[in-house]
Amino acid sequence: MPETIKNKITAGLNESQIRAVTFGDGPLLVVAGAGSGKTRVITHRVAYMVQRGVPPGRILGITFTNKAASEMARRVDEMVGAGVTIKTFHAFCAMLLRRRIHHLGYDPSFTIYDRSDSLRVVRRLCKALNLDPQYYKPGDLLDTISSYKDRLESPQEAAGKAASDWDEQAARIYAAYEEKLAENNALDFDDLLLKTVQLFREYPDVLARSQDYCRHLMVDEYQDTNLAQHVIARALQGKHRNITAVGDPDQMIYTWRGARMANIMEFEKEFPGASVISLERNYRSTANILRAASHAINFNELRYEKNLYTKAGEGRPVVVAGHYGAPEEASWVAEKIRELTDKNGAGPSVGVLYRTKYQSGEFERVFAKEDIPYQVVDTTGFFDRKAIKDIAAYLHLIVNPRDEIALRRIINVPTRGIGAVTLDRIGHAANQADIPLLDAVMDTKITGKLSSRAAGALAGFAALYSELSEYSRNAENVRDVVEAVIERTGYLASISGDEKEETEELLAYFKGFAEQHQNQNPDAGLTGFMEQSVLASDVDGWRPDTDSVSLLTLHSAKGLEFDVVFLTGVENYILPHLRAVEERDPGGDGGEGLEEERRLFHVGMTRARKLLFLTYASERMIKGRFEPTGPSRFLTELPHEGVFWEGLVDSGSRRFGGRVKKRKMRPDSGKTGGKRARVKKTPKSSHIAPGDIEPGGKIEHPQYGEGTVISVNNIGKKKQVKVDFDSYEEPLTILQ
DNA sequence: GATAATCGTATTTTT
DNA sequence: TACGATTATC
């Protein structure tokens, strides 16, 4: 290739980035640390391939979220023009299945069920099998089913492995669930992957065609792939053996959704002859932030050794700040944000990160009071709203008349006098005749046997359905169909009171979305639109902005960056989250669960460009009770250099650095937990009594008593002092 | 069939 | 504490 083109593609890249971008054929793993410019590497690598003569249509890029897919598509289009396929695993599989799933006995108009649809199926099955929903919780059963499917395990295998009654019932529900979905001509999210694997395994010609198109496969966020996705990736590259997997084991935070560390850790074994390139230069954070984050993640055993470095300056120290409770923590954060924005009119982008969603409440309260603009990154998508799901159910039913879940959802919405009893009878009749529920509803021979009132109501619905379905067949575009459904069902008229306005807005938005989709995908039709609606949950496309503070969980912060990050609630029980640790290492010191929590901590820290604040409180309201929490063990894993401790440490710190003690149970408390002692309010001063402070010297602290100074660090006007107090196992670092 | 009362539960959430 | 989901009641 001519040097000039090569130069254009590699301009501004560092050496390992260039190696990754210009790597030739064969399997390649790019281990891309946080902030190492991996999106750049991927887009430039695609451009490089195109320059080398690979037709864009033969390059397939896979990402994890729609947001990532559209962002990457945009950047690739900019560099090489359109033509490269960039999709999520699920969208890619859906596309393939629409064309090929007839082999497996499904109709190409299949519905994709989201979690709430699946949950309805499971609930119905539990009821049918008379399972106690208190013990056999539908949500838990569904999670279990889903993880079987992630691992490509059939109901039979699940039954074989069952080690308890609960497992056996779960396997039974799994089998029934699969049957029900097939009956409904529906696939859940896992099926999109699973059926693709099945298709590849059973129909070599289908696989061969896909392989032919896949001269180069690029998979981003490989650390978060589950087994099914890994198998698909392996199958796709089977012919040309060109796979570029990009990921960072230190950012694997989705084990609970089936992510499998082995996929990336054993990449070289899975793809023989693979090369590995590490991107270690960080372009995002200051040296202090990067040092703190690297130091912390180094406590993990299960990782690729990486040595992140930056050429950025030291920056300001990472600040660790303790508070009495969550309200104080929130006020402190608000105060800091005020300081940051007061100084230089245009404020930095600020992210407030927390482990659990409920922690957002305290910040919202304080920010509202203090007039700090904020936005909570809310993951409850637009398509989860009831009104949208209702209208969508009509649309699903039009596309796929066998979709019983959709039918049951809307047959009496708006209310039209079709109650549970009527539905039950129709259901039985449909079962007897072995026909889809909708066919029974539409069959006057069947409905005629019911009371005339019920028969009339059903006839009304049947007429409505025929009308809508007829309309849809002849309609020019999707927006019109959506509008027709809203109008002719009289949906809005049935909503009363204060919800009306909101519903109106939602539905208007839905129409707008349909119109937009129509313009962008003129040929996709109603089926394509419905698929998009289910798969794209982040339609409203949130992005960080500098006009307001972003409040978000650590999980949703992945892939984002902010000038200033407040990583809050870095506490025992919260940041290594108690359940995450106990669930996966009962009675132990943490194990894999702890390592994943530590990765989460690391992900949070590495979101920061310039300033990083880590905050904790001594107690926190959990499940309606005040629980003593105190500084997280992760805080003891920070380096001494470049970390500034502020406003420390009260009685919660007794566990500082130590393992989490089992709390005493009251003898009479039947359930888990028991009553916990309330933390006494302690004075918040952490200053050491005056006197000479130097290494080796003895000091007396008003709260911690006597101790020996280990080291002194001058930071600005203050001193950071590490002290070995007689009453604590681990040395504490305090600020003077 | 709609509303009120009660119950149970609270980690993370994309596709 | 606070919310959603299920159940009880009219």
Side-chain angles (χ1 to χ4, degrees), chain A residues 62-69 87-94 112-119 123 127 133-135 137-140 143 146 149-150 187-194 221 224-226 228-229 252-259 326 353-359 361-362 377-381 383-384 386 412-422 457 494 496-497 531-539 552-559 569 573-584 593 596-597 599-600 603-604 620-627 671-673:
Chain A
I62 300 279
T63 61
F64 249 79
T65 64
N66 294 299
K67 202 157 127 196
K87 286 181 176 292
T88 64
F89 265 111
H90 294 264
F92 169 76
C93 292
I112 300 171
Y113 279 178
D114 67 12
R115 186 181 159 89
S116 71
D117 300 322
S118 297
L119 210 48
R123 271 202 272 265
K127 215 167 253 175
Q134 303 290 303
Y135 184 60
K137 291 177 196 152
D140 290 354
D143 289 341
S146 175
K149 293 174 110 173
D150 284 344
L187 303 186
D188 64 18
F189 287 131
D190 302 319
D191 282 331
L192 294 173
L193 309 173
L194 200 60
E221 307 276 19
D224 283 327
T225 50
N226 63 28
Q229 290 162 330
M252 204 283 274
I253 56 176
Y254 282 109
T255 301
W256 48 277
R257 246 172 42 197
L353 277 46
Y354 36 78
R355 175 67 235 262
T356 66
K357 267 187 299 191
Y358 75 84
Q359 288 169 253
E362 210 63 66
V377 179
D378 184 7
T379 48
T380 342
F383 288 96
D384 296 332
K386 183 178 174 300
N412 201 33
V413 176
T415 325
R416 50 176 75 90
I418 303 172
V421 180
T422 304
S494 72
S496 61
E531 177 175 312
Q532 179 88 352
S533 321
V534 179
L535 292 183
S537 69
D538 47 12
V539 250
L552 62 169
T553 63
L554 285 169
H555 283 90
S556 38
K558 194 170 77 163
Y573 309 115
I574 304 283
L575 194 32
H577 196 279
L578 181 66
R579 284 190 59 170
V581 174
E582 275 192 349
E583 207 164 82
R584 289 169 62 192
E596 182 146 337
E597 295 293 300
R599 288 193 289 269
L600 218 33
V603 165
R620 189 176 291 274
M621 178 89 90
I622 297 171
K623 293 191 198 178
R625 275 178 196 294
F626 282 99
E627 305 283 1
K671 290 199 187 151
T672 52

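Chain letters run A, B, ... following the sequence lines, proteins first, then strands; residues in each count from 1.
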Inter-residue atom distance A/Arg257.CZ - A/Asp224.CG, 0.5 Å rounding: 7.5 Å
Nearest-0.5 Å distance, NZ of residue A/Lys558 to CG of residue A/Leu353: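 Reported to 0.5 Å precision, the distance equals 13.5 Å.
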Contact class for [X] (heavy atom, under 4.0 Å): base, sugar-phosphate, or nothing?
X	value
A/Gly417	sugar-phosphate
A/Ile418	sugar-phosphate
A/Lys558	nothing
A/Asp190	nothing

Send over the distance from [X] [atom1] to [N] [atom2], rounded to a whole Å.
X	N	atom1	atom2	value
A/His555	B/dT11	NE2	C1'	8 Å
A/Asp143	B/dA10	CG	P	12 Å
A/Arg257	B/dT15	CZ	P	8 Å
A/Glu596	B/dT12	CD	C1'	9 Å
A/His577	B/dA10	NE2	C1'	9 Å
A/Ile253	B/dT13	CD1	P	9 Å
A/Asn66	B/dT13	CG	P	17 Å
A/Tyr573	B/dT11	OH	P	15 Å

Under the side chain to side chain donor-acceptor pair (under 3.5 Å) test, residues paired with A/Arg416 that sit two or more places apart: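 A/Arg416 satisfies side chain to side chain donor-acceptor pair (under 3.5 Å) with A/Tyr394 only.
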Results of side chain to side chain donor-acceptor pair (under 3.5 Å) for A/Asn412 - residues two or more places apart only: none
Shortest side-chain distance from A/Arg579, nucleotide among B/dA10, B/dT15, B/dT13: B/dA10
A/Thr356 side chain, from C-beta outward: closest of B/dT11, B/dT14, B/dT13: B/dT11
Whether A/Trp256 stacks on the six-membered ring of B/dT12 base, 5.5 Å and 30° limits: yes
Which residues share a ring-ring contact (aromatic ring centres under 6.0 Å, His included) with A/His555, sequence neighbours left out: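 Applying ring-ring contact (aromatic ring centres under 6.0 Å, His included) to A/His555 gives A/Tyr254, A/Trp256.
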Side-chain touch A/Thr88/A/Phe64, heavy atoms, less than 4.5 angstrom: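 No, side chains not in contact.
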Non-neighbouring partners of A/Glu596 that pass salt bridge (Lys or Arg N to Asp or Glu O under 4.0 Å), sequence neighbours left out: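 With sequence neighbours excluded, A/Glu596 shows a salt bridge (Lys or Arg N to Asp or Glu O under 4.0 Å) to A/Arg584, A/Arg599, given in chain and number order.
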Sequence-distant partners of A/Asp150, salt bridge (Lys or Arg N to Asp or Glu O under 4.0 Å), two or more places apart: none
Residue whose nearest DNA chain B nucleotide is more 5′ - A/His90 or A/Ala580: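 In this pair, the answer is A/Ala580.
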Closest-nucleotide 5' rank along DNA chain B - winner of A/Thr415 and A/Thr88: A/Thr415
Please list each protein N or O that sits under 3.5 Å from an N or O in nucleotides 1-10 of chain C, with the distance.
residue: C/dT6; atom: OP1; partner: A/Arg123; partner atom: NH1; Å: 3.3

Polar pair under 3.5 Å, donor/acceptor by atom type, side chain A/Arg355, base B/dT12: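 Flag set: donor-acceptor pair detected.
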